[in-house]
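Residue numbers begin at 1 in each chain, while the letters A, B, ... track the order of the sequences. This structure is a prediction, so every number in the text was calculated from the model and none was measured.
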There are 2 protein chains.
Amino acid sequence: MRILIADDHGLIREGLKKILLESLPFAEIHDVSDSAELFKKSIKEPWDIIISDISMPGYSGIEILKQIKTHVPNTPVLMLSMHSPEQYAVRAIKAGASGYLTKESAPYELVTAVQQILAGRKYITNRVAEVLASSLETDSSKLPHENLSDREFEVLKKLVEGKSVSEISEMLSLNINTISTYRARILDKMGLRSNADLIRYAIEHKISDL
Amino acid sequence: MRILIADDHGLIREGLKKILLESLPFAEIHDVSDSAELFKKSIKEPWDIIISDISMPGYSGIEILKQIKTHVPNTPVLMLSMHSPEQYAVRAIKAGASGYLTKESAPYELVTAVQQILAGRKYITNRVAEVLASSLETDSSKLPHENLSDREFEVLKKLVEGKSVSEISEMLSLNINTISTYRARILDKMGLRSNADLIRYAIEHKISDL
DNA sequence: ACCAATTGTAGTAACTTAACTACAAAAGCT
DNA sequence: AGCTTTTGTAGTTAAGTTACTACAATTGGT
């Protein structure tokens, strides 16, 4: 049983490991602390399951998830997040995740999720199922930011954190103009005019976790 | 040895517990998941150390820390945070914390910190020490924005409203560079780095009247 | 299966902002 | 009164951002 854990917080990695080892004492658990490493390791070696935080420095979790899924589509991935399900669950599941848990979850949920996924199933909590279901309904009832594409959303978050266009372009290894275009599309889709508006919106809708 | 852990994320609480138990196998570890509970439990029962996340729903960690410190001043508190030290370290230490760690920290740091604090000392990392030292240079009895001049404050408000440097320069019939200089001075005095920080600060301190 | 819309990406040119630097006037301290 | 710091103000140059345009790849709809 080979498990790969990805999270940028040392304490959290260690904690997850210990929780898992309690119920899967013979598991061979490896861990990585950033998305680049996660990507490399996930396609280079075989894993029974990958457990990854969704928000790590560098490439976003969703982005890496997609990458992993194109390279090793049969390796199941369980995404963990600090955020409330609405923010990411749908995106994660659509990108091929086998499950989605928030860190609020009780430890036994982690264990259950992992076991269920190892058994070839998906682990979708009620909360996520709900969100998923309602995401299929009319999108007229959607909040403006729910119409953003994954990339746009990713850029939105970074803008809200105060990152500049060029910083973001560097983080994502994209051209500055590309980020500028995303920003323009975000503003357009959300009917806003400035980064300040974006930040207010984000605070009001609890998009950022800062 | 009685340890109280406070964190709103179940997985994290559990992880911390397991990490601590490894080096302190006889510790009696309790945990709570929100600030109200933390407060109640921290003054009702005796603890050798309290380990608390700084950002929990409800009252902020700092607020609770202060409360705890007025009621049971001798119980040491170690604060944990997801955020970079600059944001909170100084405030936490001033409010009476015995130490400040980010969740990036390696597990052994947690253990070291706890042991050092249990031994009656404080645990201050280099990063935090640095920030702490430089915080003594400015007049810290005042809120950062109270050191702004009138013009600076005027510009601050407009920046927070989302006005661009050039718009402001036009409104005030001043050179663009002048506004740029004000902005730089504001950021400097307030120890912030971006307009995004400014907006967050403003919202938090209810500076703007929007 | 076909066409339209959206998404991910970047180039070029125009425009805006940041970083320094500077300096006189006002305020603050001794 | 004299020295120091802060404030109000801009110039120059370098760096960064926006606006517009474009186009292939995907997705979505019928």
Rounding to an integer number of Å, can you tell me how far [X] [atom1] sits from [N] [atom2]?
X        : N      : atom1 : atom2 : value
B:Phe153 : D:dG8  : CZ    : P     : 13 Å
A:Arg183 : D:dC20 : CZ    : C1'   : 15 Å
B:Glu154 : D:dT9  : CD    : C1'   : 14 Å
B:Ile186 : D:dG8  : CD1   : P     : 10 Å
B:Ile179 : C:dA18 : CD1   : C1'   : 14 Å
A:Leu172 : C:dT9  : CG    : P     : 9 Å
A:Arg193 : D:dA19 : CZ    : P     : 12 Å
B:Asp188 : C:dA19 : CG    : C1'   : 13 Å

Verdict with reasoning, A:Arg183 to A:Glu152, per salt bridge (charged side-chain N to carboxylate O under 4.0 Å, His left out) | CA-CA 7 Å; A:Arg183 177 173 171 280; A:Glu152 287 161 359; over 6 Å; no

Under 4.0 Å between a side-chain N/O of [X] and OP1 or OP2 of [N], yes or no?
X        : N      : answer
A:Tyr182 : C:dT9  : yes
A:Ser166 : D:dT17 : yes
A:Thr181 : D:dA19 : no

Go through the N and O atoms of the side chain of B:Arg185 and the base of D:dT9, and report whether any donor-acceptor pair is under 3.5 Å.
-> yes

Decide yes or no for [X] and [Y]: does some side-chain heavy atom of the first lie under 4.5 Å from some side-chain heavy atom of the second?
X        : Y        : value
B:Asp197 : B:Ser194 : yes
A:Leu4   : A:Lys41  : yes
B:Leu38  : B:Ser52  : yes
B:Met79  : B:Leu65  : yes

From C-beta outward on [X], which listed nucleotide comes closest to its side chain: [options]?
X        : options               : value
B:Arg151 : D:dT9, D:dA10, C:dG8  : D:dT9
A:Lys189 : C:dT7, D:dT7, D:dA10  : C:dT7
B:Leu174 : D:dT18, D:dT21, D:dT9 : D:dT9
B:Asn177 : D:dG11, C:dT16, C:dG8 : D:dG11

Taking the nucleotide of DNA chain D with the closest heavy atom to each, which residue, B:Thr178 or B:Glu152, is nearer the 5' end?
-> B:Glu152

Sugar-phosphate, base or nothing in reach of A:Ser180, heavy atoms under 4.0 Å | base

